[in-house]
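See below for the structure under consideration.
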Amino acid sequence: MSESWSFLDTVEPNFRPLVVVELAKGTKEETREWFTKRIVDKKANGGAQLLVKPLGTEDGEENIYLVGASHLRLLLGAETVGLVKECNDNSMRTFTYSSRKTFKGFADDNHNFLTIAECQYIIKHELENLRAKDEKMIPGYPQAKLYPGKSIVRRLLTNGILVQIFPLHDREELKKLRHSWYGRVKVGYQPLDEIRCYFGETIALYFGFLEYFTFALIPMAVIGIPYYVFAWEDYDKYVMFATFNLLWSTVILEVWKRICAIMTYRWGTLLMKRQFEEPRPGFHGVLGINPITGKEEPVYSSIKRQIRIYLVSLPFVCLCLYFSLYVMMIYFDLEQWALDYHEENESTFSSLMLFVPSIIYAVVIEIMNRIYRYAAEFLTSWENHRLESSYQNHLILKVLVFNFLNCFASLFYIAFVLFDMKLLRQSLATLLITSQIINQFAESVFPYWLQKRHKKRMKKRVCSMKTDTDLSLVEQVNLEKEMGTYFGTFDDYLELFLQFGYVSLFSCVYPLAAVFAVLNNITEIYSDALKMCRVYKRPFSEPTANIGVWQLAFETMSVISVVTNCILIGMSPQVNALFPDSKMDLMLTVALVEHLLLAIKFIMAFVIPDKPRDIQIKLAKLEFESLEALKQQQMKLAAESLKE
């Protein structure tokens, strides 16, 4: 492939802008010239060999640049990042430029062979891999130090010279996607392949999981409706519902693994090899040598990081958990006050007042969750993790622990301390419905309203500009750069995780939980689609083979639900009547059943393959072929050495 770079031209007659680079206002001219030169320079000279075009602004300052690439450059970039595409024999293989003719749909004049998300991912990869050579600093900014091998983009970001890099929307493609996705109300599947082509695999997998989870909730909802209608106050009958809940929570997660494998194999990401992780942009330390790569990079003591985690972050998290429990006890005081008030007055108003403490508590929970999220992000960043994966894992752990306790502690207390099933049902219903309403408003409705207002103001400002550039493009870039940034699927998965907890842990007490979850998720699909297409900047595609650590989080919740439902079954009058004399026998029996169900759960997880048989065979075949090719190459080298 190295020979191919020499004949790659940096001039493209039909420039297609794919990515926007925004520098800070007032950035020195020598810095702008140096950075753009590095972007367009040939690979042999340490450049990215991309195409750059400045965009006119109101004050005439060139601080916004459009970045694109020639078709040939993108194909070579596809090989560099290891994209996997479908071959003419229907197998999936890593794309190489030399064997390009063997891939399905390839033609020299077919510029749609790579999806637009893949093209933008390639450009992002090339920009992030612009490395310092002999430079000791960013030209014009002596405080922004560089060393050989340092990522230029990361240094520009950390020093505030580079404001943002984001992929540009394709208006025509977006219009088609919006029409097929949420442009009309219809009963059917989402266009996941089209979503993947436009937004990438991470976003498509989230919407695939959201759709799958919604369909998986339907059996629970169907069983829950008659249960609610015919056994509203008869808590004895929740034994069968709880038993079904146990099997349901296990099966849906195992089936999802298979569906996920089918989708990611078709998209090629199941076969993509994990790339070596670079240090995070926010990672800092003393300049040293990486013992693995042998390159210079910041080095930070792991002992210092552990001290920060265990002596600062952990006590802070524990303090937040204590505060959450303290707020919970205030909620129970309010519940008691509302109950006393109702007993004294016995009116319609007093009946409504019974729901007020739960509504207030649900709102407080959402506020606390959001405030804690900012604190958790600050702490995790302060811990100075070297890799983005390590940062994300520590952040997810902090947030999940707090959210789990904050959302479910009161329900556990009501169920297993107060033994008040009526209050448990009321609290569960209020918490679930209130949190869904707040999330829909905060995530989609309010941001969409703000974006509509901003769009009107921006159109007036752009129309007054004097520029030679296509006005519609100037308008588009100025609109999109002011849009909110989509920070990934973290909050979306967290919302589904908590919903899964409400449904699997205590839904046998409130069987309509699954019904409200289905209704919420149907609106969530449309509101999240609107959010992605109209509210936030387009995110960069991130190839992924699964939903990552969230799979483990959901599986952990399903294990907890087994324990919870077994205890609820043991508390039912039906089961208690079987052990009138010995509570110890009852406890031992419940514990035995719980262990048996957990054993069945883990056996099912082991028996149900994560990947369908045909995909396992295809993966094994590819591995065999790669080993054979390696063996042939080694034999060829050995034969050549013998000749010499």
Side-chain angles (χ1 to χ4, degrees), residues 1 4 71-122 125 173 176-177 180-181 188-209 211-212 215 254-275 541-547 608-633:
M1 189 184 78
S4 304
H71 180 53
L72 175 58
R73 177 66 185 86
L74 291 171
L75 292 174
L76 293 170
E79 180 176 347
T80 303
V81 300
L83 291 184
V84 176
K85 307 293 284 185
E86 188 178 5
C87 293
N88 291 323
D89 61 357
N90 296 322
S91 64
M92 303 296 294
R93 298 178 191 277
T94 304
F95 178 80
T96 57
Y97 184 75
S98 59
S99 61
R100 61 192 181 279
K101 300 290 185 181
T102 63
F103 288 87
K104 185 178 288 187
F106 180 85
D108 290 326
D109 59 348
N110 179 16
H111 289 202
N112 295 321
F113 174 70
L114 298 174
T115 68
I116 188 169
E118 289 170 341
C119 294
Q120 291 170 333
Y121 171 69
I122 291 166
H125 176 270
E173 292 298 322
K176 293 176 187 174
L177 178 62
S180 62
W181 194 2
Y189 295 106
Q190 297 176 94
L192 294 178
D193 288 332
E194 287 86 345
I195 296 169
R196 174 252 171 181
C197 288
Y198 194 83
F199 286 110
E201 290 79 15
T202 300
I203 303 296
L205 263 187
Y206 161 69
F207 280 100
F209 182 73
E211 179 180 275
Y212 169 78
F215 278 108
E254 292 305 314
V255 173
W256 163 251
K257 288 181 186 177
R258 294 171 63 84
I259 293 174
C260 181
I262 292 169
M263 286 195 297
T264 53
Y265 178 82
R266 186 172 74 244
W267 296 338
T269 52
L270 189 64
L271 301 171
M272 280 187 74
K273 291 184 171 55
R274 209 177 66 136
Q275 294 185 334
S541 165
E542 287 295 337
T544 184
N546 48 56
I547 61 174
I608 301 174
D610 292 349
K611 300 179 183 71
R613 179 66 178 165
D614 61 326
I615 289 181
Q616 290 181 32
I617 293 172
K618 290 174 182 177
L619 293 175
K621 184 179 178 181
L622 285 173
E623 186 177 359
F624 171 76
E625 289 176 356
S626 63
L627 289 172
E628 285 295 306
L630 182 62
K631 191 188 298 182
Q632 292 292 334
Q633 187 178 7

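All residue numbers in this chain count up from 1 along the given sequence. What's counted below: heavy atoms across the whole structure, side chains too, no hydrogens, waters or symmetry copies.
With a 4.5 Å cut-off on side-chain heavy atoms, L205 and M263 count as touching. Residues L271 and L619 have side chains in contact (heavy-atom distance under 4.5 Å, counting atoms from C-beta outward).
In this structure, S91 contributes its side chain and C87 its backbone to no donor-acceptor pair below 3.5 Å. Not a single donor-acceptor pair under 3.5 Å links the side chain of E194 to the backbone N or O of L177. Looking only at distances, no side-chain donor or acceptor of T269 sits under 3.5 Å from a matching main-chain atom of P543. With R196 contributing its side chain and D193 its backbone, the two residues share no donor-acceptor pair below 3.5 Å. Using modelled atom types, no side-chain atom of Q190 and backbone atom of G208 make a donor-acceptor pair closer than 3.5 Å. Side chain of K618 to main chain of Y265: no donor-acceptor pair is present (N/O by atom type, distance under 3.5 Å, no hydrogens or angles).
Rounded to the nearest 0.5 angstrom, K611 NZ and T264 OG1 are separated by 8.0 Å. The structure places CD1 of I608 at 8.0 Å from CZ of R258, a figure rounded to the nearest 0.5 Å. The CD1 atom of I122 lies 8.0 Å from the CG atom of L75; values are rounded to the nearest 0.5 Å. Interatomic distance, D610 CG to I615 CD1, rounded to the nearest 0.5 Å: 11.5 Å. The CD atom of E118 sits 11.0 Å away from atom CD1 of I116, with the distance rounded to the nearest 0.5 Å. Q120 contributes atom CD, which lies 7.5 Å from atom OH of Y198 (distance to the nearest 0.5 angstrom).
A pairwise comparison of heavy atoms in A261 and L270 identifies O-CD2, 3.8 Å as the closest pair. Among all heavy-atom pairs drawn from L114 and L74, the shortest one is CD1-O, 3.7 Å. Of all the heavy atoms in V84 and T94, the pair that sits closest is CG2-OG1, 4.0 Å. Among all heavy-atom pairs drawn from Y97 and E79, the shortest one is N-OE1, 2.9 Å. Counting all heavy atoms, side chain and backbone alike, Y121 lies closest to S541 at CD1-O, 3.3 Å. Closest heavy-atom contact between E211 and L192: OE2-CD1, 4.3 Å.
Annotation: Y206 is not in aromatic contact with F199 [ring centroid separation under 6.0 Å not met].
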Please assess K85 against T96 for the test side chain to side chain contact (heavy atoms under 4.5 Å, CB included), listing each intermediate value before the final yes or no. CA-CA 10 Å; K85 307 293 284 185; T96 57; over 6 Å; no
Please walk me through it: do K101 and N88 pass side chain to side chain contact (heavy atoms under 4.5 Å, CB included)? CA-CA 9 Å; K101 300 290 185 181; N88 291 323; over 6 Å; no
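In E173, the CD atom is crowded: over 12 heavy atoms of neighbouring residues, nucleotides or ligands sit closer than 6.0 Å. For K104, the NZ atom sits in a packed shell: over 12 heavy atoms of surrounding residues, nucleotides or ligands are nearer than 6.0 Å.
The aromatic rings of F95 and F113 are tilted relative to each other, their planes meeting at an angle between 30° and 60°.
No donor-acceptor contact under 3.5 angstrom links the side chains of N546 and K257, judged on distance only.
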